[in-house]
Amino acid sequence: MTDPLRHPDLVEISRRLRDRFDEVLAAEQEAAATTRRRRLTMRERLLDAEDRAETVTLMVLGGMAIEGQLTAVGADHLVVDRTDRTGRQVAVAIEHVVAIETVR
Amino acid sequence: MMRPRVATVLSARPWESDFVTAARATAAVRVVARAYEPGEVGPDVDVIVVGSDVAWVTPSLLRRWCDAGIRVIGVHPQGDLPGKAILEAGEAHEIRSDDVSSIELVAAARLLGLSGGGTRSTGRIGVVTGPDGAPGRTEMAILHAFSRSRAERTVIVDLDRRAPSLSLRLGLPPRPDLADGLDELRNEGTITPAILREIDGLSVVTGTFGRPPVDATTARDIVWALSRDFDRVVVDGGPWAIDDPLVPIADEVILVCDATPTGLVRAAGVVIHWTGAQPSLVLNRMVGDPQETLMAARRATGLEPSLQIPYDEDIRLSAARCQIPPASTWRWMSGLAA
(Lines give C-alpha, C1' and ligand atoms only; values in the text may rest on other atoms or scores of the structure.)
Protein backbone atom coordinates (compact mmCIF):
# COMPACT_ATOMS: atom_id res chain seq x y z
CA MET A 1 0.00 0.00 0.00
CA THR A 2 1.35 3.42 -0.92
CA ASP A 3 2.01 5.69 2.05
CA PRO A 4 -0.45 8.62 1.67
CA LEU A 5 2.04 10.92 3.41
CA ARG A 6 4.39 10.54 0.41
CA HIS A 7 1.92 12.49 -1.70
CA PRO A 8 3.72 15.69 -2.83
CA ASP A 9 1.10 17.90 -1.17
CA LEU A 10 1.64 16.18 2.16
CA VAL A 11 5.42 15.82 2.14
CA GLU A 12 6.05 18.92 4.23
CA ILE A 13 3.51 18.04 6.89
CA SER A 14 4.79 14.48 7.05
CA ARG A 15 8.32 15.78 7.65
CA ARG A 16 7.09 18.00 10.46
CA LEU A 17 5.16 15.16 12.03
CA ARG A 18 8.18 12.93 11.81
CA ASP A 19 10.41 15.56 13.42
CA ARG A 20 7.96 15.94 16.29
CA PHE A 21 7.74 12.20 16.69
CA ASP A 22 11.55 12.03 16.83
CA GLU A 23 11.53 14.69 19.57
CA VAL A 24 9.10 12.58 21.57
CA LEU A 25 11.26 9.49 21.09
CA ALA A 26 14.38 11.39 22.15
CA ALA A 27 12.63 12.65 25.28
CA GLU A 28 11.48 9.12 26.09
CA GLN A 29 15.00 7.81 25.72
CA GLU A 30 16.40 10.55 27.92
CA ALA A 31 13.83 9.67 30.57
CA ALA A 32 14.79 6.00 30.28
CA ALA A 33 18.46 6.88 30.79
CA THR A 34 17.66 8.93 33.88
CA THR A 35 15.44 6.20 35.30
CA ARG A 36 18.15 3.66 34.72
CA ARG A 37 20.71 5.77 36.58
CA ARG A 38 18.34 6.23 39.50
CA ARG A 39 17.60 2.53 39.85
CA LEU A 40 21.11 1.23 39.31
CA THR A 41 22.59 -0.65 42.27
CA MET A 42 26.24 -1.20 43.18
CA ARG A 43 25.88 -4.89 42.34
CA GLU A 44 24.60 -4.02 38.86
CA ARG A 45 27.54 -1.68 38.36
CA LEU A 46 29.86 -4.51 39.30
CA LEU A 47 28.10 -6.87 36.87
CA ASP A 48 28.57 -4.27 34.13
CA ALA A 49 32.28 -4.10 34.94
CA GLU A 50 32.57 -7.90 34.85
CA ASP A 51 30.77 -8.18 31.50
CA ARG A 52 32.98 -5.47 30.04
CA ALA A 53 36.12 -7.15 31.44
CA GLU A 54 37.10 -3.82 32.91
CA THR A 55 40.12 -3.21 35.06
CA VAL A 56 38.93 -1.36 38.12
CA THR A 57 40.18 0.11 41.34
CA LEU A 58 37.96 -0.79 44.26
CA MET A 59 38.04 1.20 47.47
CA VAL A 60 36.94 -1.00 50.35
CA LEU A 61 36.09 -0.37 53.96
CA GLY A 62 39.23 0.50 55.90
CA GLY A 63 40.61 2.55 53.01
CA MET A 64 42.40 -0.23 51.08
CA ALA A 65 42.50 0.05 47.28
CA ILE A 66 42.40 -3.07 45.16
CA GLU A 67 43.20 -2.82 41.46
CA GLY A 68 42.52 -5.60 39.03
CA GLN A 69 40.12 -7.22 36.64
CA LEU A 70 36.72 -8.15 37.96
CA THR A 71 36.30 -11.79 37.04
CA ALA A 72 33.20 -12.79 39.00
CA VAL A 73 30.34 -11.25 40.88
CA GLY A 74 28.70 -13.64 43.33
CA ALA A 75 25.62 -13.25 45.48
CA ASP A 76 27.50 -11.49 48.27
CA HIS A 77 31.08 -11.13 47.06
CA LEU A 78 33.16 -10.41 44.01
CA VAL A 79 36.46 -11.77 42.73
CA VAL A 80 39.29 -9.59 41.48
CA ASP A 81 42.40 -10.76 39.64
CA ARG A 82 44.87 -8.23 40.99
CA THR A 83 47.10 -6.53 38.49
CA ASP A 84 49.84 -5.70 41.00
CA ARG A 85 53.00 -7.74 41.17
CA THR A 86 51.44 -10.36 43.47
CA GLY A 87 48.94 -11.25 40.73
CA ARG A 88 46.76 -12.82 43.39
CA GLN A 89 43.06 -13.39 43.25
CA VAL A 90 41.07 -11.75 45.99
CA ALA A 91 37.45 -12.10 47.04
CA VAL A 92 35.78 -9.03 48.46
CA ALA A 93 32.41 -8.78 50.19
CA ILE A 94 30.18 -6.58 48.06
CA GLU A 95 28.90 -4.73 51.09
CA HIS A 96 32.50 -3.68 51.83
CA VAL A 97 32.92 -1.90 48.49
CA VAL A 98 32.58 1.84 48.96
CA ALA A 99 33.79 3.08 45.59
CA ILE A 100 34.66 1.74 42.15
CA GLU A 101 36.82 3.47 39.59
CA THR A 102 37.28 2.19 36.07
CA VAL A 103 40.91 2.12 35.04
CA ARG A 104 40.33 0.95 31.44
CA MET B 1 35.65 -15.86 26.05
CA MET B 2 32.81 -17.74 24.42
CA ARG B 3 30.04 -15.51 25.71
CA PRO B 4 29.18 -13.02 22.95
CA ARG B 5 29.54 -9.32 23.70
CA VAL B 6 26.16 -7.71 23.32
CA ALA B 7 25.16 -4.07 23.38
CA THR B 8 21.66 -2.75 23.62
CA VAL B 9 20.38 0.66 22.70
CA LEU B 10 18.84 2.13 25.81
CA SER B 11 15.10 2.33 25.33
CA ALA B 12 12.04 3.41 27.25
CA ARG B 13 10.32 0.17 26.23
CA PRO B 14 10.28 -2.60 28.85
CA TRP B 15 11.72 -5.26 26.56
CA GLU B 16 15.16 -3.62 26.75
CA SER B 17 15.52 -3.67 30.53
CA ASP B 18 13.94 -7.15 30.60
CA PHE B 19 16.55 -8.30 28.11
CA VAL B 20 19.40 -6.97 30.25
CA THR B 21 17.94 -8.59 33.38
CA ALA B 22 17.60 -11.92 31.57
CA ALA B 23 21.11 -11.65 30.14
CA ARG B 24 22.54 -11.07 33.61
CA ALA B 25 20.47 -13.85 35.16
CA THR B 26 21.41 -16.45 32.55
CA ALA B 27 24.93 -15.15 31.87
CA ALA B 28 24.42 -16.40 28.31
CA VAL B 29 25.82 -13.18 26.87
CA ARG B 30 27.88 -10.30 28.21
CA VAL B 31 26.10 -6.96 28.18
CA VAL B 32 28.96 -4.58 27.46
CA ALA B 33 26.97 -1.42 26.74
CA ARG B 34 23.53 0.10 26.98
CA ALA B 35 24.05 2.85 24.49
CA TYR B 36 22.43 6.24 24.85
CA GLU B 37 24.26 7.61 21.81
CA PRO B 38 25.64 5.89 18.69
CA GLY B 39 29.23 6.56 19.74
CA GLU B 40 28.81 4.35 22.80
CA VAL B 41 28.71 1.23 20.65
CA GLY B 42 32.30 0.12 20.19
CA PRO B 43 33.69 -1.96 17.34
CA ASP B 44 34.36 -4.90 19.67
CA VAL B 45 30.67 -5.71 20.03
CA ASP B 46 29.37 -8.97 18.50
CA VAL B 47 25.65 -8.25 18.61
CA ILE B 48 23.48 -5.17 19.00
CA VAL B 49 19.90 -5.42 20.16
CA VAL B 50 18.14 -2.27 19.11
CA GLY B 51 14.60 -0.92 19.11
CA SER B 52 13.11 0.94 16.19
CA ASP B 53 11.67 3.45 18.67
CA VAL B 54 14.92 5.40 19.16
CA ALA B 55 15.17 8.68 17.27
CA TRP B 56 18.77 8.19 16.13
CA VAL B 57 18.33 4.61 14.97
CA THR B 58 18.16 4.89 11.20
CA PRO B 59 18.59 2.45 8.32
CA SER B 60 22.01 3.99 7.55
CA LEU B 61 23.26 3.40 11.08
CA LEU B 62 21.99 -0.19 11.12
CA ARG B 63 23.72 -0.88 7.82
CA ARG B 64 26.90 0.69 9.11
CA TRP B 65 26.88 -1.73 12.03
CA CYS B 66 26.16 -4.67 9.71
CA ASP B 67 29.00 -3.60 7.41
CA ALA B 68 31.34 -3.58 10.41
CA GLY B 69 30.50 -7.24 11.06
CA ILE B 70 28.18 -6.59 13.99
CA ARG B 71 25.03 -8.73 14.05
CA VAL B 72 21.88 -6.70 14.56
CA ILE B 73 18.65 -7.79 16.23
CA GLY B 74 15.89 -5.26 15.71
CA VAL B 75 12.85 -5.03 17.94
CA HIS B 76 9.80 -3.00 16.97
CA PRO B 77 6.58 -2.28 18.84
CA GLN B 78 3.93 -4.82 17.94
CA GLY B 79 1.97 -3.62 14.92
CA ASP B 80 4.34 -0.71 14.21
CA LEU B 81 4.89 -1.21 10.50
CA PRO B 82 7.00 1.95 9.93
CA GLY B 83 9.24 0.83 12.79
CA LYS B 84 9.57 -2.60 11.23
CA ALA B 85 10.33 -0.97 7.88
CA ILE B 86 13.29 0.92 9.41
CA LEU B 87 14.75 -2.37 10.62
CA GLU B 88 14.18 -4.06 7.27
CA ALA B 89 15.74 -1.17 5.36
CA GLY B 90 18.69 -1.33 7.75
CA GLU B 91 19.16 -5.02 6.89
CA ALA B 92 18.90 -6.19 10.51
CA HIS B 93 19.78 -9.87 10.80
CA GLU B 94 16.75 -10.64 12.95
CA ILE B 95 13.57 -8.65 13.43
CA ARG B 96 11.23 -9.32 16.32
CA SER B 97 8.20 -7.55 17.70
CA ASP B 98 8.39 -6.43 21.31
CA ASP B 99 6.10 -9.20 22.57
CA VAL B 100 9.05 -11.57 22.26
CA SER B 101 10.13 -13.09 25.57
CA SER B 102 13.39 -11.82 27.02
CA ILE B 103 14.75 -15.37 27.29
CA GLU B 104 14.05 -15.92 23.60
CA LEU B 105 15.80 -12.65 22.77
CA VAL B 106 18.85 -13.61 24.83
CA ALA B 107 18.97 -16.97 23.06
CA ALA B 108 18.78 -15.24 19.68
CA ALA B 109 21.59 -12.85 20.66
CA ARG B 110 23.74 -15.74 21.83
CA LEU B 111 23.17 -17.71 18.65
CA LEU B 112 23.87 -14.77 16.38
CA GLY B 113 26.91 -13.78 18.40
CA LEU B 114 28.44 -17.22 18.10
CA SER B 115 27.77 -17.41 14.37
CA GLY B 116 30.05 -14.44 13.68
CA GLY B 117 29.50 -11.74 11.12
CA GLY B 118 31.20 -10.94 7.84
CA THR B 119 32.36 -7.43 7.12
CA ARG B 120 31.67 -5.40 4.01
CA SER B 121 34.23 -2.89 2.85
CA THR B 122 33.06 0.69 2.67
CA GLY B 123 34.64 3.80 1.25
CA ARG B 124 37.09 5.96 3.19
CA ILE B 125 35.62 9.07 4.74
CA GLY B 126 37.68 12.24 4.67
CA VAL B 127 36.46 15.36 6.43
CA VAL B 128 37.90 18.74 5.51
CA THR B 129 37.45 21.26 8.27
CA GLY B 130 39.25 24.20 9.81
CA PRO B 131 38.83 27.29 11.91
CA ASP B 132 36.58 30.23 11.12
CA GLY B 133 37.84 32.89 8.75
CA ALA B 134 37.72 31.31 5.28
CA PRO B 135 41.07 29.50 5.31
CA GLY B 136 40.12 27.70 2.07
CA ARG B 137 38.31 24.59 3.35
CA THR B 138 36.01 24.26 0.34
CA GLU B 139 38.85 24.85 -2.10
CA MET B 140 41.00 22.19 -0.43
CA ALA B 141 38.07 19.77 -0.34
CA ILE B 142 37.53 20.28 -4.07
CA LEU B 143 41.21 19.80 -4.90
CA HIS B 144 41.39 16.72 -2.68
CA ALA B 145 38.26 15.21 -4.27
CA PHE B 146 39.44 15.83 -7.82
CA SER B 147 42.87 14.52 -6.96
CA ARG B 148 41.38 11.25 -5.59
CA SER B 149 38.79 10.92 -8.35
CA ARG B 150 41.44 9.87 -10.86
CA ALA B 151 42.24 6.76 -8.84
CA GLU B 152 38.92 5.76 -7.25
CA ARG B 153 35.18 6.46 -7.29
CA THR B 154 34.97 9.69 -5.34
CA VAL B 155 32.13 11.87 -4.17
CA ILE B 156 32.33 15.29 -2.55
CA VAL B 157 29.48 16.34 -0.28
CA ASP B 158 28.83 19.80 1.10
CA LEU B 159 27.94 19.56 4.80
CA ASP B 160 28.98 23.08 5.71
CA ARG B 161 26.10 24.09 7.96
CA ARG B 162 26.81 27.82 7.86
CA ALA B 163 27.84 28.57 4.29
CA PRO B 164 27.25 25.66 1.91
CA SER B 165 28.91 27.12 -1.17
CA LEU B 166 29.88 24.07 -3.22
CA SER B 167 27.17 24.47 -5.85
CA LEU B 168 28.00 28.14 -6.35
CA ARG B 169 31.73 27.44 -6.34
CA LEU B 170 31.45 24.74 -9.02
CA GLY B 171 28.94 26.69 -11.10
CA LEU B 172 26.10 24.23 -10.50
CA PRO B 173 22.43 25.13 -10.16
CA PRO B 174 21.33 25.13 -6.53
CA ARG B 175 18.82 22.29 -6.88
CA PRO B 176 18.69 19.39 -6.49
CA ASP B 177 20.64 19.55 -3.24
CA LEU B 178 21.05 17.10 -0.42
CA ALA B 179 17.77 18.16 1.21
CA ASP B 180 16.02 16.68 -1.83
CA GLY B 181 17.36 13.27 -0.87
CA LEU B 182 16.54 13.31 2.84
CA ASP B 183 13.24 11.46 2.62
CA GLU B 184 14.77 8.54 0.76
CA LEU B 185 17.74 8.57 3.11
CA ARG B 186 15.43 8.48 6.10
CA ASN B 187 13.17 5.76 4.75
CA GLU B 188 15.57 3.56 2.81
CA GLY B 189 19.00 4.51 4.10
CA THR B 190 20.19 5.19 0.58
CA ILE B 191 21.18 8.22 -1.45
CA THR B 192 18.95 8.79 -4.44
CA PRO B 193 20.90 9.17 -7.70
CA ALA B 194 18.77 12.26 -8.39
CA ILE B 195 20.93 14.39 -6.05
CA LEU B 196 24.25 13.16 -7.42
CA ARG B 197 25.82 15.30 -10.10
CA GLU B 198 28.85 14.45 -12.19
CA ILE B 199 31.60 16.91 -12.98
CA ASP B 200 34.68 15.70 -14.80
CA GLY B 201 34.58 12.24 -13.23
CA LEU B 202 33.73 13.51 -9.75
CA SER B 203 30.33 12.99 -8.12
CA VAL B 204 28.99 15.98 -6.23
CA VAL B 205 26.25 16.41 -3.61
CA THR B 206 25.63 20.07 -2.99
CA GLY B 207 24.52 21.63 0.27
CA THR B 208 21.15 23.09 0.97
CA PHE B 209 20.26 26.80 0.70
CA GLY B 210 17.38 28.52 2.42
CA ARG B 211 16.22 25.45 4.30
CA PRO B 212 17.22 24.34 7.78
CA PRO B 213 20.68 22.73 7.88
CA VAL B 214 20.80 18.98 8.40
CA ASP B 215 21.15 17.76 11.97
CA ALA B 216 23.99 15.64 13.30
CA THR B 217 22.21 12.31 12.84
CA THR B 218 21.31 13.12 9.24
CA ALA B 219 24.81 14.36 8.43
CA ARG B 220 26.30 11.07 9.64
CA ASP B 221 23.69 9.09 7.72
CA ILE B 222 24.47 10.92 4.48
CA VAL B 223 28.16 10.19 4.79
CA TRP B 224 27.67 6.55 5.75
CA ALA B 225 25.20 6.00 2.90
CA LEU B 226 27.64 7.53 0.40
CA SER B 227 30.50 5.43 1.74
CA ARG B 228 28.59 2.32 0.64
CA ASP B 229 28.52 3.48 -2.97
CA PHE B 230 31.89 5.22 -3.32
CA ASP B 231 35.50 4.35 -2.57
CA ARG B 232 36.12 7.82 -1.17
CA VAL B 233 33.81 10.36 0.42
CA VAL B 234 35.23 13.86 0.77
CA VAL B 235 33.21 16.04 3.12
CA ASP B 236 33.37 19.81 3.04
CA GLY B 237 32.59 20.05 6.74
CA GLY B 238 32.67 23.81 7.21
CA PRO B 239 34.11 25.49 10.30
CA TRP B 240 35.05 23.07 13.07
CA ALA B 241 32.89 22.99 16.18
CA ILE B 242 33.52 21.11 19.39
CA ASP B 243 30.44 18.94 18.84
CA ASP B 244 31.25 18.23 15.18
CA PRO B 245 29.43 14.98 14.37
CA LEU B 246 31.59 14.02 11.40
CA VAL B 247 35.12 14.20 12.77
CA PRO B 248 34.61 11.17 15.08
CA ILE B 249 33.45 8.95 12.19
CA ALA B 250 36.10 10.07 9.69
CA ASP B 251 38.99 7.91 8.53
CA GLU B 252 41.01 11.04 7.87
CA VAL B 253 40.56 14.63 8.95
CA ILE B 254 42.17 17.49 7.07
CA LEU B 255 42.53 20.68 9.07
CA VAL B 256 42.96 23.61 6.72
CA CYS B 257 44.70 26.66 8.09
CA ASP B 258 45.45 29.99 6.46
CA ALA B 259 49.22 30.44 6.58
CA THR B 260 49.09 33.85 8.24
CA PRO B 261 49.59 34.77 11.90
CA THR B 262 45.83 35.23 12.31
CA GLY B 263 45.13 31.93 10.59
CA LEU B 264 47.65 30.10 12.77
CA VAL B 265 46.17 31.54 15.95
CA ARG B 266 42.70 30.48 14.80
CA ALA B 267 43.99 26.98 14.04
CA ALA B 268 45.63 26.82 17.48
CA GLY B 269 42.22 27.65 18.97
CA VAL B 270 40.82 24.57 17.25
CA VAL B 271 43.69 22.24 18.12
CA ILE B 272 43.57 23.10 21.82
CA HIS B 273 40.05 21.65 22.03
CA TRP B 274 40.69 18.78 19.64
CA THR B 275 39.81 15.23 20.64
CA GLY B 276 40.12 12.11 18.53
CA ALA B 277 42.52 11.10 15.80
CA GLN B 278 45.23 13.56 14.88
CA PRO B 279 44.28 15.69 11.88
CA SER B 280 46.46 16.35 8.86
CA LEU B 281 47.35 20.02 9.01
CA VAL B 282 47.33 21.79 5.65
CA LEU B 283 48.89 25.23 5.48
CA ASN B 284 47.14 27.13 2.74
CA ARG B 285 48.13 30.23 0.74
CA MET B 286 51.73 30.29 1.90
CA VAL B 287 53.74 33.34 0.97
CA GLY B 288 57.15 34.51 2.16
CA ASP B 289 59.73 32.31 3.84
CA PRO B 290 58.32 28.75 4.10
CA GLN B 291 60.69 27.81 6.93
CA GLU B 292 59.51 30.67 9.11
CA THR B 293 55.86 29.79 8.46
CA LEU B 294 56.54 26.13 9.20
CA MET B 295 58.19 26.96 12.50
CA ALA B 296 55.36 29.30 13.44
CA ALA B 297 52.79 26.61 12.56
CA ARG B 298 54.58 24.03 14.70
CA ARG B 299 54.82 26.46 17.58
CA ALA B 300 51.18 27.55 17.37
CA THR B 301 49.49 24.20 16.79
CA GLY B 302 51.94 21.57 18.03
CA LEU B 303 51.34 19.72 14.76
CA GLU B 304 53.70 18.91 11.96
CA PRO B 305 52.08 20.28 8.79
CA SER B 306 51.28 17.52 6.30
CA LEU B 307 51.04 19.85 3.32
CA GLN B 308 52.14 23.36 2.47
CA ILE B 309 50.24 24.92 -0.39
CA PRO B 310 51.61 28.15 -1.81
CA TYR B 311 49.39 30.97 -2.93
CA ASP B 312 48.24 29.88 -6.39
CA GLU B 313 46.73 32.41 -8.77
CA ASP B 314 45.10 29.60 -10.81
CA ILE B 315 43.13 28.48 -7.77
CA ARG B 316 42.04 32.04 -6.99
CA LEU B 317 40.94 32.70 -10.57
CA SER B 318 39.01 29.45 -10.91
CA ALA B 319 37.24 30.20 -7.62
CA ALA B 320 36.41 33.73 -8.72
CA ARG B 321 35.01 32.43 -12.00
CA CYS B 322 33.14 29.51 -10.38
CA GLN B 323 35.02 27.05 -12.55
CA ILE B 324 36.59 23.67 -11.88
CA PRO B 325 40.14 24.27 -10.67
CA PRO B 326 42.65 23.36 -13.38
CA ALA B 327 44.06 19.85 -13.17
CA SER B 328 47.52 21.30 -12.58
CA THR B 329 46.36 22.53 -9.15
CA TRP B 330 45.02 19.15 -7.97
CA ARG B 331 48.57 18.02 -7.38
CA TRP B 332 48.80 20.16 -4.29
CA MET B 333 46.61 17.70 -2.43
CA SER B 334 48.16 14.55 -3.87
CA GLY B 335 50.80 14.68 -1.15
CA LEU B 336 48.29 13.46 1.40
CA ALA B 337 48.54 9.77 2.17
CA ALA B 338 45.99 7.75 0.15
Side-chain angles (χ1 to χ4, degrees), chain A residues 1-56 69-76 78-79 81 94 102 104, chain B residues 1 3-17 20-21 23-25 27-38 40 42 44-46 50-58 77 80-83 85-86 179-180 182-188 211-212 214-218:
Chain A
M1 189 178 69
T2 309
D3 181 357
L5 289 176
R6 301 253 187 121
H7 187 283
D9 293 345
L10 299 176
V11 162
E12 208 47 53
I13 196 166
S14 81
R15 284 178 189 152
R16 279 189 212 165
L17 287 172
R18 198 176 57 204
D19 288 347
R20 285 194 188 175
F21 184 55
D22 281 349
E23 284 170 18
V24 172
L25 292 179
E28 277 186 355
Q29 200 199 15
E30 189 183 343
T34 306
T35 306
R36 182 193 167 225
R37 281 195 299 271
R38 289 180 180 175
R39 289 183 179 163
L40 202 61
T41 64
M42 178 60 95
R43 187 166 188 279
E44 285 172 333
R45 280 193 182 278
L46 293 167
L47 284 168
D48 282 345
E50 184 205 344
D51 276 350
R52 292 172 188 159
E54 286 175 347
T55 300
V56 295
Q69 189 179 342
L70 253 175
T71 52
V73 179
D76 63 353
L78 52 93
V79 179
D81 282 353
I94 289 177
T102 303
R104 61 179 177 271
Chain B
M1 291 190 206
R3 287 193 300 147
R5 292 157 299 186
V6 177
T8 68
V9 173
L10 192 66
S11 164
R13 307 284 181 250
W15 69 260
E16 194 264 343
S17 51
V20 174
T21 305
R24 282 179 178 150
V29 296
R30 294 193 287 147
V31 180
V32 296
R34 296 178 73 185
Y36 181 61
E37 292 176 329
E40 293 174 22
D44 56 347
V45 168
D46 300 310
V50 55
S52 63
D53 51 281
V54 175
W56 50 262
V57 168
T58 59
D80 178 9
L81 294 181
I86 289 174
D180 294 309
L182 293 187
D183 288 328
E184 183 155 331
L185 178 76
R186 173 70 190 226
N187 295 324
E188 316 293 339
R211 289 186 273 183
V214 295
D215 59 28
T217 299
T218 309

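Just so it is clear, the structure is predicted and the values come from calculations on it, not from any experiment. Below, read A as the first sequence line, B as the second, and so on, with proteins coming before strands; counting in each chain starts at 1.
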Exercise for the section: Step through the shown structure and confirm whether more than 12 heavy atoms of other residues, nucleotides or ligands are within 6.0 Å of CD on B/Glu40. Expected result: yes
Handout entry: Charged N-O contact under 4.0 Å between A/Asp48 and B/Arg24
Key = yes
Handout entry: side-chain contact (heavy atoms from CB on, under 4.5 Å), paired with A/Leu40, selected from A/Met42, A/Arg43, A/Arg37, A/Glu44
Key = A/Glu44
Fill in the blank from the handout: Honestly, the part of B/Ala33 sitting under 4.5 Å from a heavy atom of chain A is backbone
Problem - Pairing of A/Arg18 and B/Asp183 as salt bridge, 4.0 angstrom limit - result: yes
Problem - Portion of B/Ala35 that has a non-hydrogen atom of chain A nearer than 4.5 angstrom - result: backbone
Practice task
Examine whether an atom of A/Ala31 lies under 4.5 Å from a heavy atom of chain B, and if so say whether it belongs to the side chain, the backbone or both; otherwise answer neither.
Solution key: neither
Practice task
Any chance you could measure B/Leu185, atom CG, to B/Asp180, atom CG, to the nearest 0.5 Å?
Solution key: 12.5 Å
Handout entry: A/Glu30, part contacting chain B, at a heavy-atom distance under 4.5 Å
Key = both
Problem - Option that, when pairs with chain A are counted at under 4.5 Å, heavy atom only, ranks first among B/Glu16, B/Arg13, B/Arg5 - result: B/Arg13
